[in-house]
Amino acid sequence: EVQRYLSEPQTPTQDPLKWWAAKEAAYPSVAVIARHILAVPAFSVPAERIFSLAGNIVTNKRTKLTSSNVDSLIFLAKN
């Protein structure tokens with residue numbers, strides 16, 4: 001099934017959800033995996049939280065911190 005899926009011609013302009021809806025019967029096992037992967041929402045909240053935390057750590061009074069010290073402080077704050 002995976003080999004048949006990999007030999008399928010690529011259609012980059014088509015909506016992947018519509019493509020999988022049409023091809024689900026042909027590739028049922030791969031469709032389950034694709035549905036699981038495509039269901040992951042794209043968002044950047046965790047990255048924004050870390051940037052916000054870094055902004056709180058690196059202030060005007062702490063501009064001399066090395067990058068490794070900033071990394072360590074962020075790690076300690078998040079864990």
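In this structure, the side chain of Asn69 does not engage the main chain of Leu65 through any donor-acceptor pair within 3.5 Å. One N or O on the side chain of Arg4 and one on the backbone of Ala26 form a donor-acceptor pair closer than 3.5 Å. With hydrogens and angles disregarded, a donor-acceptor distance shorter than 3.5 Å links the side chain of Ser72 to the backbone of Ser68.
Side-chain heavy atoms closer than 4.5 Å link hydrophobic residues (I, L, V, M, F, W, Y) into clusters, and following such links, possibly through other members, connects Leu17 to Val30. Neither Phe51 nor Ile74 shares a network with the other; the hydrophobic side chains, linked directly or stepwise wherever heavy atoms of I, L, V, M, F, W or Y lie under 4.5 Å apart, form separate groups for each. Ile50 and Val70 fall within a single hydrophobic cluster, where Ile, Leu, Val, Met, Phe, Trp and Tyr side chains are chained together by heavy-atom contacts under 4.5 Å. Note: the hydrophobic cluster containing Trp20 also contains Leu6 (ILVMFWY, side chain heavy atoms under 4.5 Å, direct or indirect links).
Shown here is Asn60, whose CG atom has no more than 12 heavy atoms of other residues, nucleotides or ligands within 6.0 Å.
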query = Yes or no on side chain to side chain contact (heavy atoms under 4.5 Å, CB included) for Leu73 and Arg62, after CA distance, side-chain angles and deciding distance?
reply = CA-CA 12 Å; Leu73 289 169; Arg62 301 173 99 184; 3.9 Å; yes
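Scanning all heavy atoms of the two residues, the minimum distance from Asn56 to Thr59 falls at O-CG2, 3.3 Å.
The CD atom of Gln3 sits 11.5 Å away from the CD atom of Glu1 when rounded to the nearest 0.5 Å. Atom CG in Leu38 sits 11.5 Å away from atom CD1 in Ile33 (nearest 0.5 Å). With values rounded to the nearest 0.5 angstrom, Arg49 atom CZ is found 6.5 Å from Lys78 atom NZ.
Using cut-offs of 30° and 60° on the angle between ring planes, the pair Trp19 and Tyr27 is parallel.
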